[in-house]
Structures are given as C-alpha cells and as structure tokens.
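Since the structure comes first, as structure tokens, the remarks are kept for the end.
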Amino acid sequence: MRVAVGIGEASAGQLCDLTSRALADALGRAPEPFPGGHVGFVEEVPVFARRLREVLSRT
C-alpha cells in the first residue's frame, strides 16, 4: 500500500500539522507539503491540484 501524508504549508505548528507529521514519521515517510493551510484544496485550487498530481505520480 502506498501512502502520502500531505501537510498545508500555512498550517505549520497547528494541530493538523503536528498530527500529520507524527503519522508520516510513524510510517517512515516524509510529509508532503501542499500550498495553503489545512484547507489548501479550497484556498489554492489550481496550485494545489498541480501539487497533488505531482505527489500522486510518485506514490
């Protein structure tokens, strides 16, 4: 199973960031930064979509 843990770049230090980093660490993976905050998929749609395609093409 392939897993990518995404984190919003603008969410640094927030609970969603900290828990996502802990999950990535437990899985032995580096977290994947995404543009925007916790809801970057709404805040930065075109940029987020490009980044998502990039990450999914590698996992």
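Within the structure, ring-ring contact (aromatic ring centres under 6.0 Å, His included) contacts touching residues 6-32 (residues at least two apart or in different chains) do not occur. Pairs of residues two or more places apart, or lying in two chains, never qualify as ring-ring contact (aromatic ring centres under 6.0 Å, His included) while including a residue from residues 11-30. Listed by first and then second residue, the ring-ring contact (aromatic ring centres under 6.0 Å, His included) pairs that reach into residues 3-44 are Phe34-Phe48, sequence neighbours excluded. For residues 5-32, there are no ring-ring contact (aromatic ring centres under 6.0 Å, His included) pairs, not counting sequence neighbours.
No side-chain heavy atom of Ser57 sits under 4.5 Å from any side-chain heavy atom of Arg53.
Under a 3.5 Å cut-off, the side chain of Ser20 and the backbone N or O of Asp17 do not form any donor-acceptor pair.
Atom-to-atom distance recorded for Arg2:CZ and Arg58:CZ is 12.5 Å, nearest 0.5 angstrom. To the nearest 0.5 angstrom, Glu44 atom CD is 9.0 Å from Glu9 atom CD. Arg51 contributes atom CZ, which lies 5.0 Å from atom CD of Glu32 (distance to the nearest 0.5 angstrom).
Remark: Pro31 pairs with Ile7, Arg21, Ala24 by the side-chain contact (heavy atoms from CB on, under 4.5 Å) rule, at least two apart or across chains. Residues satisfying the side-chain contact (heavy atoms from CB on, under 4.5 Å) criterion with Gln14, sequence neighbours excluded, are Ser11, Cys16.
The heavy-atom pair separating Val55 from Ala4 by the smallest distance is CG1-CB, 3.8 Å.
Leu23 and Leu15 are assigned to two separate hydrophobic clusters, defined by single-linkage of ILVMFWY side chains at heavy-atom distances under 4.5 Å.
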